[in-house]
Amino acid sequence: MRKLAAGNWKMNGTGPAIAEAEALIAAHPSAPCDILICPPATLLSRLSAAAQGSALLTGGQDCHTAASGAHTGDISAQMLKEAGASYVILGHSERRADHGETSALVAAKTRAAWENGLIAVVCVGETGAERDAGRTLDVIASQLQDSLPDGLSGANTVIAYEPVWAIGTGRIPTLEQIAEVHDFMSKTLSARFGDASGGLRLLYGGSVKPSNAAEIFAIPNLHGALVGGASLKASEFGAIVAALSAS
Ligand code: PEP
């Protein structure tokens, strides 16, 4: 299984940001893991063109369930694909919180992604209050159940465990807490999807940095990271790619 270092640029980056991706490409002409950047939609075509022929893959940060239509401000999976994307992040906690996205909607978007040949990076994770209430595994179980359609395989989906309270805060769970959730996800997914979930990659996301990447990548049932802030600088994301390559 090829591990995955995925960068989520969120609503950051204009034209000059392409130079950061070019520096990353130059530093990692090939890598034993997959490297993905999901830029703002405005940069997707340019980044995909810059990445052509390199080890860098590109993706969207969201897609609509429909192929086209009267949905002002939205973008379809087909449009992402045409702009060069091979992945799309779905159900990120910022979209669940800012746009009221439910797990049922995330499942419908995941189907749209699959129908257009995109690999869905489906995000799940508990809030701080849910963890404090001892509800973490219940929340993960219900988000996995409701966000993932039948038909999932390791070839069409990646799961990212992202505790909401760890995103952009500099706080991460203990390694034991991450391991507990990844072990739980691995067992839950294999119980539901059987052999199809065999090649499924389970990422951790939330304040991953060069300084904590190696210890996170040593956790069992963990196959890479979804990285926000630290993916914006080639030097930092490159160090995370190097740590994943060495793991
Ligand atoms: C994210 O938004 O997916 C994320 C993990 O952000 P950060 O790395 O900045 O915590």
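Atoms within a ligand are numbered from 1 in the order they appear, just like the ligands themselves. Positions are given from 1, in the same order as the sequence printed here.
Here I119 contributes atom CD1 and T110 contributes atom OG1; the two are 12.5 Å apart, rounded to the nearest 0.5 Å. The NZ atom of K3 lies 11.5 Å from the CG atom of L202; values are rounded to the nearest 0.5 Å. For the atom pair CZ (R201) and CZ (R2), the distance works out to 8.5 Å, reported to the nearest 0.5 Å.
Atoms of ligand 1 lying under 4.0 Å from any heavy atom of G206, numbered from 1 in the order shown and given with element: 5 (C), 10 (O). Counting atoms of ligand 1 from 1 in the listed order, those under 4.0 Å from a heavy atom of A166 are 10 (O). Distances below 4.0 Å separate heavy atoms of S207 from the following atoms of ligand 1: 7 (P), 8 (O), 10 (O).
For atom 5 (C) of ligand 1, the choice among K10, E162, K209, H92 with the nearest heavy atom turns out to be E162. Of all the listed residues (C38, G228, G205, A230), G228 holds the heavy atom that lies closest to atom 7 (P) of ligand 1. With G168, A6, G125, C123 as candidates, the residue nearest to atom 10 (O) of ligand 1 on a non-hydrogen basis is G168.
The proximity of N8 to ligand 1, defined as any non-hydrogen pair under 4.0 Å, is limited to the side chain.
Of all protein heavy atoms, the one lying nearest to atom 9 (O) of ligand 1 is G229 N, 2.8 Å.
Dense packing is recorded around CD of E215, with more than 12 heavy atoms of other residues, nucleotides or ligands lying under 6.0 Å away. Within a 6.0 Å sphere centred on CG of D98, other residues, nucleotides and ligands contribute more than 12 heavy atoms.
Classification of the Y204-H182 ring pair by plane angle, with boundaries at 30° and 60°, yields tilted.
At under 3.5 Å, not a single nitrogen or oxygen of T169, backbone or side chain, sits near a nitrogen or oxygen of ligand 1. Any N or O atom pair closer than 3.5 Å counts here, and L226 shares no such pair with ligand 1.
For the residue pair L56 and A51, the shortest heavy atom distance occurs at O-CB, 3.5 Å.
Taking a 4.0 Å cut-off on heavy atoms, A225 fails to register as neighbouring ligand 1.
Remark: side-chain polar atoms of N12 are not paired, donor with acceptor, to backbone N or O of A17 under 3.5 angstrom.
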